[in-house]
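Source: prediction; values computed, not measured. Count residues from 1 along the sequence. Quick note: numbers below take in every heavy atom, side chains included, and nothing from hydrogens, waters or symmetry partners. Both counts, for ligands and for their atoms, begin at 1 and track the order of listing.
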Amino acid sequence: MAQPLFSLDGESLITPQSVSNNFLQANQNNETDLLRTAEAEFAVVINIAMQRFSAGNDLPGAVRWLIGQLHDIRLKCGPASWQKLIPIIQAHSSATIMQQCPFTRWSFEKPRGYSGDASLIDFIYGHSAVAEEVARSTPLGLDIFEYTINAPGPVAVRERRDILTRYVDDTAARIGPDTEVLAIAAGHLREAEASKSLADGRLKRWVALDQDPQSIGSISSQFHGTAVEPIDGSVRGLLAKKHQIGTFDLIYAAGLYDYLADKVAIRLTQICMEMLKPGGVFLFANFSDEMADDGYMESFMNWELLQRSQADMWRIVNASSSAENVEGKVWFGANRNIIYSTIQKLS
Ligand SMILES: C[S@@+](CC[C@H](N)C(=O)[O-])C[C@H]1O[C@@H](n2cnc3c(N)ncnc32)[C@H](O)[C@@H]1O
């Protein structure tokens, strides 16, 4: 795996190693067999994929096929063998081909030092901020990119951004001009670009908290003079109640819980519930355990995520709030690659 990787505040678990450490317990003998089989399967699959690449027709189709095959291999061989297969895939000569895709390369190289930075998500959003990086790619890289950013995971991420915009605008319509919103792990706050309530000046404040000073700088310059208030802060700061930021009608976190172990996720949810006004809503999103691109992401992109099931989401909801005072919901996005929870504070 590419090193060094580190988390910026020691609280988020954004290193592939730290995510995978959760899985490394397995029966040794069985594991050796599973790994051998998985290696053999990968050898066959990558051979076919490279032949399809050399033939040069329907490259996005070939990438779609490869991503599907990696998902199946991952599922079949189990977590412990898969963790051992990842560095083998990353060292394979095909990795330099896949990394001609700008999205794959950015994820693998981690220019900001950690996985899942806001610029990586900008590739998914097709944002102009990464247009130069995309333009530098080879024609083959662009063909691969055409599928990687239209794979089920990225499709779900674009829907997630639109859901966030809708939640903010609906909250503003419900509450009126006193509406206060908090985005945790805001990244570049791209969901604000399409917000009607922000454009029409119908929000009191939209606090955007992130640990990455570059992301905070981007928000500051883009949304200067609006209700958006960027804060250079962290989950750790929130847990320690270091940020005195008041209370909110809507708090949300997207692209964060995928890196947080249950203990931190539950504590953060409790803190967010405390920061809600009566009637307020907390929303958090997580990649679901039904996601389709995990094998490709974890290997060629070196981007590991904690996937969560409906039961996992409910465990966080139930451990974070007392049932009498809240209404919790768990629901999937359209293609079930991202799962959401909303918790409304009733009183
Ligand atoms: C995948 S991006 C998501 C950005 C945005 N929410 C979106 O949906 O496009 C993850 C963001 O989480 C931020 N982040 C990760 N760990 C964090 C922490 N412990 N405290 C605050 N921000 C964190 C990163 O800096 C990054 O901007």
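Classified by interplanar angle (parallel below 30°, tilted 30° to 60°, perpendicular above 60°), the ring pair W303/F103 is perpendicular.
Of the candidates L189, V207, L209, I219, I219 is the only one forming a side-chain contact (heavy atoms from CB on, under 4.5 Å) with P230.
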*Please step through side-chain hydrogen bond (donor to acceptor under 3.5 Å, both in side chains) for the pair S119 and D122, ending with a clear verdict.*
CA-CA 5 Å; S119 292; D122 276 348; 4.7 Å; no
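Heavy-atom contacts of G233 reach the following atoms of ligand 1: 21 (C) (cutoff under 4.0 Å). Which parts of ligand 1 touch G255 is read off a 4.0 Å heavy-atom cut-off, strictly below it: atoms 1 (C), 10 (C). Heavy-atom contacts of S234 reach the following atoms of ligand 1: 20 (N), 21 (C) (cutoff under 4.0 Å). Against a heavy-atom cut-off of under 4.0 Å, Y125 is close to the following atoms of ligand 1: 7 (C), 8 (O), 9 (O). Within ligand 1, counting atoms from 1 as listed, the ones closer than 4.0 Å to a heavy atom of G187 are 4 (C), 27 (O). Each of the atoms 15 (C), 16 (N), 17 (C) of ligand 1 lies under 4.0 Å from some heavy atom of L256.
Considering backbone and side-chain N/O atoms, I184 never comes within less than 3.5 Å of an N/O atom of ligand 1. Residue contacts with ligand 1: L164 is placed with no nitrogen or oxygen under 3.5 Å of a nitrogen or oxygen of the ligand (distance criterion only). An N or O contact shorter than 3.5 Å links A254 to ligand 1 by distance. Between R160 and ligand 1, a contact under 3.5 Å exists for at least one N or O pair.
Of the heavy atoms in I121, only side-chain atoms (C-beta onward) come closer than 4.0 Å to ligand 1. With a heavy-atom cut-off of 4.0 Å, L189 does not touch ligand 1 at all. By the criterion of a heavy-atom distance under 4.0 Å, the backbone of A186, and not its side chain, is placed next to ligand 1.
With a 6.0 Å radius and a threshold of 12 heavy atoms from other residues, nucleotides or ligands, E132 has its CD atom at or below the threshold. Counting heavy atoms of neighbouring residues, nucleotides and ligands inside a 6.0 Å radius, atom CZ of R36 does not exceed 12 of them.
Contact annotation: the side chain of L70 approaches that of S299 to within less than 4.5 Å [non-hydrogen atoms, C-beta and beyond].
With respect to E133 and R105, a salt bridge is recorded, a charged nitrogen being found less than 4.0 Å from a carboxylate O.
Considering only non-hydrogen atoms, atom 26 (C) of ligand 1 lies nearest to D210 out of D210, L239, D212.
One finds the CH2 atom of W314 at 10.0 Å from the CD1 atom of I339 (value rounded to the nearest 0.5 Å).
The aromatic ring centres of H92 and F42 sit less than 6.0 Å apart.
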